Every structure is written in structure tokens, then in C-alpha cells.
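Notes follow once the structure below has been shown.
Being a predicted model, the structure only gives us computed values, none of them experimental. Start at 1 and go down the list; that is how both ligands and their atoms are numbered.
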Amino acid sequence: MANEGAGGQPVYILREGSTQSKGRDAQQFNIMAAMAVAEAVKSTLGPKGMDKMLVDPTGNVTVTNDGATILREVQIDHPAAQMIVEVARAQDDEVGDGTTTAVVFTGELLRKASELMDKQIHPTVIATGYRMAADKARELLPAIAVSVEKSDRKLLEKIAITAMTGKGAEAEGVMLAKLAVDAVLSVEESGKVDIDNVKVEKMVGPGAMASELIKGIALSKSRVAENMPRSVSKAKILLLNSAMEIKKTQVDASIKIKSPQQMKTFLDQEEAMLRKNVDFISKSGANVIFCQKGMDDHVASHLGKKGIYAIKSVSESDMKKLAKATGARIVTKIEEIDPKDLGYAGLVEERRVSGEESLTFIEECKNPKAVTVFIRGSTATLIDELERALHDALRVVGVVVEDKKVVPAGAAPEIELSLRLKQYASTVGGREQLAVEAFANALEIIPRTLAENAGLDPIDMLVSLRSKHESKNGKNFGLNVFEGKPVDMLAAGVIEPLRVKTQAVSSAAEAAVMILRIDDVISSGGPSEQTIHEAQMQAQRQLAAGRMGGMPPGMGGFM
Ligand code: ADP
Ligand code: MG
């Protein structure tokens, strides 16, 4: 990069080896790269979406049609493409569903922007129009949504089922939906749902239908000593955050023992201290201990003699869940145990679930704020699939319990929003109006893609959906991809959380605006410079060939 300096000398401000592309070129390349990402996941959208096979460098194969998973697994280097990956990540963090929708919509916003730029509309104007449209969309969406109550279990189950449609584990969908609803309703606390409080344990065993919700926690651990009871009912539970063992002597703190008598005294003292701790515990009334740290065999055997069940080396996250499930408070100093610190479970039991493996079940808790879904299945692959499906179900049910708002599926909200935004556009005026219209049209990519992926004619479907929405009582009509016609999705019980749509609109608009506003890409040396240059060259070739939607390099590895 050279500018004219004072004496007519060029002034170089970039390091040697840097590359720069400016203006329309930079924008075009960025838009192409971003659109390529959208194109890559597009065919997975909807219940009839296809799967992708991902092969990682070590040869591991994942087959999925989950947009978030695909974008997480694939290496994407291009900076603008990376911004689209961020859209998917934000969607996944905020809602846990709708990642493909958000990415496909972002791609379409950019495609429409590129068309406007060809008509000499300045990117800044497009950005402003997109922002206005996104604001209006966020205002309109709640009016399209329907309120629900968390007591409506059937409806919550339907939301879970919609989120899992087309994701593999369909035969088990109803069972998983019920488990997800039970789990979410248990852990809900003053209107908030943190699904980290739903622990998932899994073990190969009988069929998937043996999966169950445990009103408490399952730990893949067994009791410390054989002489401990195998099962304790009406358990009073101590959660201990300190070790129950003699501290190892430090290297520099040597103890000089001169006689056997002295040795005995020393050991007796240690022993006495440990016994005192066991006494403290037993006096508190605790009959079950979960210890986050270590525990001497000696101590364990003393505890066993007193009929106390103990587990050691419990992870910090399990300790927190145990506290939430049993109502216990985590204790650090054994001398300070208060009976009020103890938690409760109807039953604590070690059970052998399959072959040699034993688990400890802490169940029948009263109003537990942490629960466990214990997933069973005939193979490890099936179990993993069930776990992924369950995770999605937990997320969407959690979101609906928090927000209490749902929308019909099958792109009903997109069509409705598109129509209403077109009306709004006519009130905007100026060149921004064109951008608002472009935004409204871009929303139609969702019904189009749903139709395309189901082998239906996208134009026909779009026309009949639009005409439904323009008629009275038509705003809940979405595309039934199985029958190839619009149906009232609310009446059919195919529904999604409102947040899926508000989040998709927000993050897609934000990313598109951000990409549009870049008119200068400066990359300073390093390995990524080469990649960007190659990506840009390829984008240019594709542009010349009139072919969109190819993959820039650095996105290889799949398809
Ligand atoms: P995303 O990552 O965006 O969630 P999906 O592959 O899950 O992608 O597809 C979501 C789309 O499929 C949404 O538009 C949703 O409304 C639609 N959809 C889900 N279930 C159905 C159904 N039974 N009939 C029609 N459309 C559905
Ligand atoms: Mg989905």
C-alpha cells in the first residue's frame, strides 16, 4: 500500500508481504465466502434435509444434518466465512436450535445485498435498511407468536418433537420428549432453566426404551469400602469438600522417630484424629457421604462399621448437582458440620447396571433442582445419537418454559413476517426502502429451501403459502413437507420456540451488516494470507463462471 508522501516519495504503511483488497472487490469476496458457508449447510434444512458426512484428519466419520455440528467440525479459515460460523454459534448458545435457519438467512441477506450493490445502492444504505427491517421484525414477531403455559405438558412435548424431527433418533422421539419435559420442569427455578442441572448418564444396556429420569443424581462410582451398606433409605447426605486422609509429610518436614514406642504414638495420634472425624460425621446424623477429595481405606472401613455409605473423588460439578438435588450444603470443615447442612434422598443405592459396571443412584429426592437422565440403548452409537437429540429437546423446552412464547413451524413465521415487512417497507421511503424489501424477500429463502429439500416445487409452495397468509386466519400456515401443501401448523401441533426466530433475525442481520460495512481487507503475512488470497482467486473464478455457492479453500474436508 503506497501513498504519495511529501516529496513525491511513496509512503509504505503495510509490512512487506501483506495483501490488501479494497472496495467492491473486498465486499464481493467477503460476500462470496459467507454465501458459500450458507450454501454448504442449506441442503440439511428441515425434516427432509439431507445428512453430511464429515471426515476429520484422523479418519473419524460423523454423519449429521445439524448445522451447528457441521460448522463446528469443519475448518473454516476465511474471515468473512468465519463470521457466519459465529452466527451459528450465537444461535446455538442462545437457543440451541435454528442454526441452519440463521446461517441460510444470513447468506440470502448477503446475496440480496450484492444484487442491490449491482444497482449502485451503497452498502451503507443497505446496512441501514437491514437494521431497520431487523428492528421491525423483532417488534412484529411477538405478535405472530402464541403464549403458552408451562403446565401445558403436551405442548412442551410437541416443541421437543419438532426440534428432533429429521435428526435420526425419531423412533425414540416421544420417549425423549417426555424425559426432556420432566427434566426441564424439575430443574426450573423462578422462571429460569439451566440445563446444566440436567445430568446425562449413559450406559449400553437393554433397549432405548429403558431410558429413564432419575429424580436425583446417578454417579458412575461405587462405594469406597466393601463393608459399607449397599443401599441406604431415607438418606441423610453430607457433601464434604475436604480430604479424609492423613496429609502426606512434606519433603522438608521430616519427622525423626527414634524408637518403636515413638512410632506407635505417632500412628495412634493420626488414627485418633481420623476417628474423631468419623465421630463428628456420625454425630451429625449423616449416613451417606460424598467426598470431593480422597479418603483413606482406614477411614472408609471405620465409616463402614458405622453403617455409613461413602463415595470419594466426586467431581466439583457433580458435587454442585448433588447439592441442588438433595438440598445439602457443601461442608469444608468436618468439625463444623451442622445437621442443617445435610441433604436428603429417599434412596441411595449402588446398583450393577450392566456387566461389571456399578453406579450409585441418589434418587427419590424431594423437589430436586438437579436431575439425571439415564440413557440406555443397544449400541454406543445409538446412545450418542439419543444424547444429542435429548440435548436439543432439553434446550428448546427450556427456552419455552422461560419465554412462554411459541411460533408455528414450517416457515409460517417467515412468510408472515415477510408480508408484514413488505407493508412496512412502503412506509419507509428513500433508498432504504429497497433494502427493507430485500430483507423481506430474503426471509422467503426458508420456505423455499424447506420445499426444495423435500423435492417440492419451491415457487408453487411459496405462492400457495403467501395466499394462505394473505387470507383471513391464515397466519399459522406453514409448509407440510410430507404432504407438500400448506397446513395450519399450530392446529397440527408443529411448533417451535419464538426465540429461535428472534435470535436468527438478530444475529443474521448483525452479521450481514458487519460484512457489508467492510470495504478493505488487509491481511498481514502469516499462513492465513495465502488462504485468503486463494479464496479470493477462487471466488473470482466462480464469479466469472457465473457459478455461486462453491467452497473457498480452507473449507475443505467435507461434501
Ligand atoms: P435448524 O438448524 O435451523 O433448526 P432444521 O434442519 O432443524 O434446521 O430445520 C428447521 C426447519 O424445519 C424450521 O423451519 C422448522 O419450522 C421446520 N420444521 C421442523 N419440523 C417440521 C415439520 N414437521 N413440518 C414442516 N417443517 C418443519
Ligand atoms: Mg432444528
> Can Gly49 be said to touch ligand 1, with heavy atoms closer than 4.0 Å?
Replying inline: no
>> To check your reading of the model: name the closest protein heavy atom to atom 19 (C) of ligand 1, its residue, and the distance in Å.
In response: Thr162 CG2, 3.8 Å
> Step by step, would you call Lys52 with Thr44 a side chain to side chain donor-acceptor pair (under 3.5 Å)?
Replying inline: CA-CA 8 Å; Lys52 302 269 173 201; Thr44 70; over 6 Å; no
>> For a side chain to side chain donor-acceptor pair (under 3.5 Å) check, start with the C-alpha distance between Thr124 and Arg517, then their side-chain angles and the critical distance, and finish with the verdict.
In response: CA-CA 7 Å; Thr124 314; Arg517 294 178 58 88; 5.2 Å; no
> Where is the nearest protein heavy atom to atom 7 (O) of ligand 1: which residue, which atom, and how far?
Replying inline: Lys167 NZ, 3.4 Å
> For the side chain of Asp194 and the backbone of Asp196, is there at least one donor-acceptor N/O pair under 3.5 Å apart?
Replying inline: yes
>> Restricting to N, O or S atoms, which atom of Asp97 is closest to the Mg ion (ligand 2)?
In response: OD1
> Can you tell me if Asn453 uses its side chain to pair, donor with acceptor, with the backbone of Lys42 under 3.5 Å?
Replying inline: yes
> Salt bridge check: are Lys178 and Glu172 linked by an N-O gap of less than 4.0 Å?
Replying inline: no
> Which heavy atom of the protein is the closest neighbour of atom 9 (O) of ligand 1, given with residue, atom name and distance?
Replying inline: Gly46 N, 3.0 Å
>> Please check: side-chain N/O of Tyr130 versus main-chain N/O of Leu109, any donor-acceptor pairing under 3.5 Å?
In response: yes
> Between the side chain of Thr165 and the main-chain N/O of Ile161, is any donor-acceptor distance below 3.5 Å?
Replying inline: yes
> Centres of the Phe105 and Phe439 rings: under 6.0 Å?
Replying inline: yes
> Between Asn480 and ligand 1, which part of the residue brings a heavy atom under 4.0 Å of the ligand: side chain, backbone, both or neither?
Replying inline: neither
> Going by the atom numbers of ligand 1, which of them fall below 4.0 Å from some non-hydrogen atom of Thr100?
Replying inline: 1 (P), 2 (O), 3 (O), 8 (O)
> Any idea which protein heavy atom is nearest atom 4 (O) of ligand 1, and the distance to it?
Replying inline: Asp97 OD1, 2.8 Å
> Using heavy atoms and a threshold below 4.0 Å, how should the contact between Val494 and ligand 1 be classified: side chain, backbone, both, or neither?
Replying inline: side chain
> By number and element, which atoms of ligand 1 are closer than 4.0 Å to a non-hydrogen atom of Ala409?
Replying inline: 16 (O)
> Heavy-atom distance to atom 26 (N) of ligand 1: which of Ala163, Gly410, Gly98, Ala88 wins?
Replying inline: Gly410
>> Tell me whether Pro47 reaches ligand 1 (any heavy atom closer than 4.0 angstrom to a ligand atom).
In response: yes
>> With heavy-atom distances below 4.0 Å as the criterion, list the atoms of ligand 1 near Thr44.
In response: 6 (O)
>> Determine whether Lys199 and Asp318 satisfy the following criterion, salt bridge (Lys or Arg N to Asp or Glu O under 4.0 Å), listing intermediate values before the conclusion.
In response: CA-CA 9 Å; Lys199 184 175 158 77; Asp318 280 339; 3.0 Å; yes
> Looking at atom 3 (O) of ligand 1, what's its closest protein heavy atom, distance included?
Replying inline: Thr101 OG1, 2.5 Å
> How does Glu496 reach ligand 1, if at all, at less than 4.0 Å between non-hydrogen atoms: by side chain, backbone, both, or neither?
Replying inline: side chain
>> Residue-level breakdown please: for Leu479 versus ligand 1, do any non-hydrogen atoms fall below 4.0 Å on the side chain, on the backbone, on both, or on neither?
In response: backbone
